Structure formats: structure tokens, C-alpha cells
Amino acid sequence: MAPLPSTAVLLRRRPEGEPRPGDFEVVRRPCPEPEQGQLRLEVLWLSLDPYMRGRMSAARSYAAPVELGGVMTGQAVARVESSRHPGFAPGDLVLADAGWCTAALSDGAGLVRLVPAPKPVTAALGVLGMPGLTAYAGLAEIGRPKAGETVAVAAATGPVGSAVGQIAKKRGCRAVGIAGGAEKCRLLVEHFGFDAAVDHRAPDFPARLAAACPDGIDVYFENVGGAVWEAVLPLLNGFARVPVCGLVSHYNATALPEGPNRVPEVMRAVLSRRIEIRGFIVWDFPHRAPEFRREVGGWLADGSMRALEHRVEGLENAPAALVDMLAGRNTGKVVVRVAPDAPD
Ligand code: NDP
């Protein structure tokens, strides 16, 4: 064993607004050989997720930020390259918080073996991984959809939103997807089987959303906030549930929006229509993981549930791909092929 040539992406600057390539630095540095009790990972696929924008900021959040000069955080599918750890052998496939790098040392803590490995293996980062569980658990615990109800979700072609809509259909609901652009809306209906799709960039978006939800909205799975939330609020039925999963339209914001203070209007709606709004983080619901894997795994296997991936080639392209995802220039779960020979 010897040090392994390796590439890593560091956070150099905390962005103001939209992140820029200069906020990152790509460095080459050898990954040392593992000591006793350690193993060395070769990163195959890196997951890019909207939460990473939050980790670039020092603002108070539910998780600590990446240090300046530190390796960007991220989950990966990796292969054990060499091991001096009794529990892992070279060639093992694992899910690891390896970060944005081609090789990393680990003491084995937190590694999840991919046995059997899903097909494609990248599903472990998407529909069968953290985003899939987010959709499944948030909907089950907070959305609590009942047959015949209308479930609306935005960022609907992404890994969370597409799972929300498809699970809602499984529960006998009407699924309404909100996405940016005609092509994504077409995918929602034709590929994912949503009942209706609405383009949030259309100038008459609120009217189109109202037309797509003739019986109002019973569950709004909140992924984006902003103008979409404002269009949804008047449509929420009595006793509607709103799992607040993400607010991606605000992640690059540097100030509050201009305009009147809308808090009283929102609170009046919450009170008079008895709307339940509750935020959550995926790790609040670990007890849902076994049934999630069983149900969603079964639906994927029998072809009644679908996933879409947006693949990016090469670790050095990860910074631009994160910027693109936050602006909606991805269609599906963003994964980066880090190792040229990464298996599907
Ligand atoms: P996506 O792959 O869906 O990527 C984000 C999408 O957000 C973009 O593709 C874009 O889709 C949409 N978007 C960006 N800006 C706006 C805007 N101004 N208005 C409306 N839509 C916008 O991401 P994920 O499926 O991975 O994540 C979805 C949400 O879930 C995020 O908010 C994320 O932070 C959250 N999340 C929360 C977790 C938790 O534990 N609470 C765990 C995992 C994810 P489009 O082009 O269609 O507008």
C-alpha cells in the first residue's frame, strides 16, 4: 500500500447569493495509506443535494457548516480500495459521507454496506436513499394523505418531489406536480404519472395551479417556498397538512423580499382553516426506513415507480453542477461520476 493520488474540492469562500465556481478550489493531494483500524475508499459516485448550499453558509442551521478550506460535504457510493479494518475488505461497496473527493480514509463509522447493491447503484443516493426516505417519511408522518385527497408538490421532477407524487398516487390521491418549464411538466405526467403538472414560470401560474386543483389542496409538500407557496396558500383546504421539507427558492437569498408583511395573512389562514405546517429533517424519522425500503424497493422492482437521474461527468464539474441544480438546470437526481469506471 502507498499514498493514493487524489483530488478534492474545498470550500474557499462563503458565497453571497448564488454560489460561483471561485467559491470552490479543486486540489490534488495524496490520500495516505490506511492505518490499523482504517480503510481507504475510492469514491465512485457523489450525490449533489440542495442542502449543500446551506453547508456553505455560516448562518445558523440544523447542521454545522463546512469550514473554510475544508472538503465539501457529501454522500457517496464508494468502493473499499484497501483495508486494515476487520469489517471491510477491498472491493466492498458502501454508502459513505466521503465528501467531494476521489479518495478518503474512514474508520468504518457510519458506512452502510450496499449488499445487495441496487441497480443502478446510484439509486442508493436517490430514490432508495436519503431523498427517497425524505419523501416517504415526510408524507407518511406529516402529510398523512388519504385516498381521494389532492397532494401538490413542487421541484416535482427532482428525487424528493417525484417520489412524493408517485407515493401519493399509490395512496389513491390526485397528484399535482409543479415544475419549471414545459419539458419538466411533460415528464411529470408522461414519465411519473402525475394527474396534472403546472409550470411555475408561467405568468399566470396561480390561475393555472387553481385550475389544476379544482377541489383545493389537502397536502402541500413544501420543497421550494417563495412564489409557489404564495400561490398554494389560498388553495389549501380546511385541515390541510404542509410538511415543510425544503425552501430551495430562498437558499441563495441575501435579504428578505420587498413588499408588505404577509405574516398576518398566513397566520390567519393557518388559524381559520386549521392548517398544519410542520418542518422536518429526514433523520427525524429513522423508524420509517425499513418500511420505506420494503415498499419503495418493491415498487421499483415491479416497475410501478420510476426515478430519473441527471448525471454529471467528473468531480471537477461538481461546483458548476451544484449551481445549476439550485437554479433548476437539472432534471432528476444529480449524481457525479467521480471514478471513470464507476459501475451503473
Ligand atoms: P431537486 O433535484 O428537485 O433540485 C432542486 C429543484 O428546485 C430545481 O431543480 C428546481 O426545479 C427547483 N427550484 C429551484 N429554484 C426554484 C424556485 N425559485 N421556485 C421553484 N422551484 C425552484 O432537489 P431535491 O429533490 O434533492 O430536493 C428538493 C427539496 O427537498 C429541496 O428544498 C431540499 O433542500 C429538500 N430536502 C430536504 C430534506 C430534509 O431532510 N428536510 C432532505 C432532502 C431534500 P424546477 O426547475 O422544477 O423549478
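Because the structure is predicted, anything quoted here is derived from the model rather than measured. Position 1 is the first residue of the sequence, and the numbers go up from there. Numbering of ligands and ligand atoms starts at 1, following listing order.
- Ring geometry, W283 versus Y62: the interplanar angle exceeds 60°, so the pair is classed perpendicular (tilted spans 30 to 60°).
- Using a 4.0 Å cut-off between charged nitrogen and carboxylate oxygen, R186 and D199 do not count as a salt-bridge pair.
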With the criterion set at N/O pairs under 3.5 Å, what does the list of contacts between the protein and ligand 1 look like, atom names and distances included?
unit_1: ligand 1; atom_1: 2 (O); unit_2: N330; atom_2: ND2; d: 3.0
unit_1: ligand 1; atom_1: 9 (O); unit_2: N330; atom_2: OD1; d: 2.6
unit_1: ligand 1; atom_1: 25 (O); unit_2: P159; atom_2: N; d: 3.4
unit_1: ligand 1; atom_1: 25 (O); unit_2: V160; atom_2: N; d: 3.0
unit_1: ligand 1; atom_1: 30 (O); unit_2: N223; atom_2: OD1; d: 3.4
unit_1: ligand 1; atom_1: 32 (O); unit_2: N223; atom_2: O; d: 2.8
unit_1: ligand 1; atom_1: 32 (O); unit_2: Y251; atom_2: OH; d: 3.3
unit_1: ligand 1; atom_1: 34 (O); unit_2: Y251; atom_2: OH; d: 2.8
unit_1: ligand 1; atom_1: 40 (O); unit_2: V282; atom_2: N; d: 2.7
unit_1: ligand 1; atom_1: 41 (N); unit_2: C245; atom_2: O; d: 2.9
unit_1: ligand 1; atom_1: 41 (N); unit_2: F280; atom_2: O; d: 2.9
unit_1: ligand 1; atom_1: 46 (O); unit_2: K184; atom_2: NZ; d: 2.7
unit_1: ligand 1; atom_1: 47 (O); unit_2: G180; atom_2: N; d: 2.8
unit_1: ligand 1; atom_1: 48 (O); unit_2: H200; atom_2: NE2; d: 2.6

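- Between H85 and G108, the shortest heavy-atom contact is NE2-CA, 4.1 Å.
- Taking the charged nitrogens against the carboxylate oxygens, R262 and E230 do have a contact shorter than 4.0 Å, which makes a salt bridge.
- Judged by distance alone, with hydrogens and angles left aside, the side-chain atoms of E141 form no donor-acceptor pair with the main-chain N or O of F285 at under 3.5 Å.
- In this structure, a donor-acceptor pair under 3.5 Å is absent between the side chains of R273 and N237.
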